[in-house]
Trainee: 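The structure's right below; bear with me while I get my questions together.
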Amino acid sequence: MSSVIFNLSKIRYAYPGGPLVLNDIDFTLRAGDRIGLVAPNGSGKTTLFHVIMGLIKPLSGTVEVFGAPREAEVDFIEVRRRIGLLFQDADDQLFSPTVLEDVAFGPLNLGKSRQEAVTVARNTLDFLGLNGFEDRVTYKLSGGEKRLVSLATVLAMEPEVLLLDEPSSGLDSSTKDTLIDILNGLELSFVLISHEFDFLSKTTEHIYTMHGGRIRFDQELDIHTHEHAHLMGKQPHRHL
Amino acid sequence: MIRESFSEGNSWIHGIDPRLRVTGATAFAVVVAVSYDFRTLTTALLLALCMALSARLDFREVMRRLLAPLIFLLLLWAVLPWSYEGDTLKVWGPLVITRPGVTLCAQISLKTICLMVAFMALVATMTVDTLGHTLNRLWLPDKMVHMLLITYRYLFVIELEYQRLVRAMKIRNFHPKTNLHSYRTYAYLVGMLFVRASERARRVHSAMICRGFNGRFVSLRTFPPNLRNYIFLLGISFSIVVLVTLEWMK
């Protein structure tokens with residue numbers, strides 16, 4: 001059995017004055033797992049990620065990451081170093097004026113020297129095909145570029161696990177393909193939230209759903225066909 | 001919105017180490033602010049104009065930026081000359097214009113214009129983020145520098161959010177009028193901006209924590225030494241000595 005990365009058990013969480021978003025959730029991720037999470041808006045996916053990172057304290061239940069229970073703020077410092085979270089909105093993640101500074105921010109916080117941090121940042125940008133972006137101003141990047149640069153900021157910390165919150169939303173199909181190639185080229189375990197089955201099927205091994213504050217497991221991928229109708233349907237065509 | 005047109009030039013002033021420029025401008029400002037002698041103030045104004053010329057600032061843009069302080073000065077000129085006590089200079093009907101009042105107005109006006117022009121030439125010729133990192137190197141408290149840099153970064157995001165909200169109002173046919181409905185709508189707009197800004201701040205902070213932020217920014221900038229730094233240091237020190245001599249050594 002491969003090693004357990006994190007293990008959530010009986011997690012409950014509700015926003016002040018709201019219903020339970022997470023209701024006795026159990027969720028385990030093992031090294032090598034690539035899990036897709038698909039569920040309606042407001043079903044608690046993002047909240048779940050924030051619980052794992054220690055940004056939100058659950059009302060009850062236990063969070064165990066890398067073999068140790070995590071409760072206090074200091075427990076999560078190691079978690080945040082080894083797990084990378086890609087936020088839904090790239091503008092939340094990119095706060096430095098220039099791309100290089102933003103990508104180097106994480107490595108600098110990990111105690112690397114300026115020179116090392118810049119080297120790591122440049123290598124990460126190269127790896128993502130973002131050469132020449134170093135001195136670009138972050139708020140002037142396009143949506144797709146912002147997403148890739150945010151991914152670079154997370155990868156620059158050399159995490160062992162990624163939590164990706166809707167990485168594909170709002171991207172055009174070519175940027176989406178780039179992202180799929182990048183994710184498949186990484187030797188990392190990850191959990192990926194998305195509403196797009198196509199995207200999930202190309203990047204993940206299992207797809208889970210969330211319902212009523214719980215996770216439904218093991219919906220293995222099935223290849224299936226639909227009949228569908230649209231204009232010009234008799235012409236030979238392909239769907240992307 | 002922040003426009004940084006001055007920072008895009010490439011005069012010799014742009015090439016000077018930003019730390020020297022900020023310290024120089026600050027020292028100049030302190031001396032001018034505490035001076036009252038008109039010889040000192042006119043010399044300082046001349047020096048400021050020289051700086052603006054050597055930074056090759058666009059004259060019309062300088063005037064445009066001076067407009068706001070000029071309106072403020074106009075207000076002073078409208079009030080101070082008759083409301084200040086002292087020797088009578090002139091009598092206009094019920095109004096008595098006093099000599100100290102006019103002198104004070106002239107001093108304030110000279111100082112304001114002089115400092116505005118000097119700061120445009122020395123400080124506005126760097127981008128806000130360079131300024132932030134410079135202040136950081138000059139041992140300003142981290143918190144203040146972070147606030148400056150993050151305000152600068154998110155002003156654009158907040159402006160985009162503002163534009164989105166305004167568009168949402170426009171497509172539903174909102175025309176501002178002088179009535180309660182318009183006032184309420186604008187109040188909602190401002191309220192929404194605050195709510196969104198604070199939500200955004202929370203998320204940004206989470207994102208920073210996730211990347212190991214521990215309250216300390218490390219700047220990647222380096223400011224290599226060059227000859228112009230020494231020339232500028234010499235020039236600004238000499239100017240300050242001249243101003244101090246004019247003001248205090250009579």
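Here the structure is a predicted model, which means the values were calculated and not measured.
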Trainee: Closest heavy-atom contact between Phe95(A) and Val204(B)?
Mentor: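 Nearest pair, atom of Phe95(A) first, then Val204(B): CB-CG1, 4.3 Å.
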Trainee: Could you walk me through whether Lys140(A) and Phe156(B) pass side chain to side chain contact (heavy atoms under 4.5 Å, CB included), step by step?
Mentor: CA-CA 9 Å; Lys140(A) 285 180 183 161; Phe156(B) 293 92; over 6 Å; no
Trainee: Would you say that more than 12 heavy atoms from the other residues, nucleotides or ligands in this model lie under 6.0 Å from the OH of Tyr15(A), or not?
Mentor: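 Enclosed: over 12 neighbouring heavy atoms sit under 6.0 Å from OH of Tyr15(A).
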Trainee: In Å and rounded to the nearest 0.5 Å, what is the CG to NE2 distance from Leu55(A) to His205(B)?
Mentor: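 Atom-to-atom, Leu55(A):CG and His205(B):NE2 are 9.5 Å apart.
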Trainee: Can you tell me which portion of Thr153(A) sits under 4.5 Å from chain B's heavy atoms? Options are side chain, backbone, both or neither.
Mentor: both
Trainee: Side chain, backbone, both or neither: which part of His146(B) has a non-hydrogen atom closer than 4.5 Å to chain A?
Mentor: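 Neither part.
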Trainee: Rounded to the nearest 0.5 Å, how far apart are SG of Cys210(B) and NE2 of His50(A)?
Mentor: 7.0 Å
Trainee: Would the number of heavy atoms belonging to other residues, nucleotides or ligands and lying under 6.0 Å from CD of Glu61(B) be above 12?
Mentor: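 Count over threshold, so yes.
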Trainee: Return the option, out of Ile77(A), Leu85(A), Asp89(A), with the maximum number of heavy-atom pairs under 4.5 Å with chain B.
Mentor: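 Sorted descending by pairs with chain B, the first entry is Asp89(A).
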Trainee: Can you tell me which of Arg81(A), Met53(A), Gln115(A), Glu101(A) forms the most heavy-atom pairs within a distance under 4.5 Å of chain B?
Mentor: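 Max contact count across the listed options: Glu101(A).
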Trainee: As an exercise, state the distance from CG of Asn109(A) to CD1 of Ile209(B), rounded to the nearest 0.5 Å.
Mentor: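 Answer rounded to 0.5 Å: 11.0 Å.
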Trainee: Roughly how far apart are Gln93(A) CD and Arg211(B) CZ, rounded to 0.5 Å?
Mentor: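 Here the rounded value is 5.5 Å.
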Trainee: Rounded to the nearest 0.5 Å, what separation is found between the CZ atom of Arg202(B) and the CG atom of Asp92(A)?
Mentor: 9.5 Å
Trainee: Within a radius of less than 6.0 Å around CG of Asn184(A), do more than 12 heavy atoms belonging to other residues, nucleotides or ligands occur?
Mentor: yes
Trainee: Could you check whether atom OH of Tyr162(B) has more than 12 heavy atoms from other residues, nucleotides or ligands sitting under 6.0 Å from it?
Mentor: no
Trainee: Measure Leu94(A) against the heavy atoms of chain B and call it side chain, backbone, both or neither at under 4.5 Å.
Mentor: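 For Leu94(A), backbone and side chain are both near chain B.
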Trainee: Under 4.5 Å from any heavy atom of chain B, what part of Leu110(A) do you find: side chain, backbone, both or neither?
Mentor: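 Neither part; nothing is under 4.5 Å.
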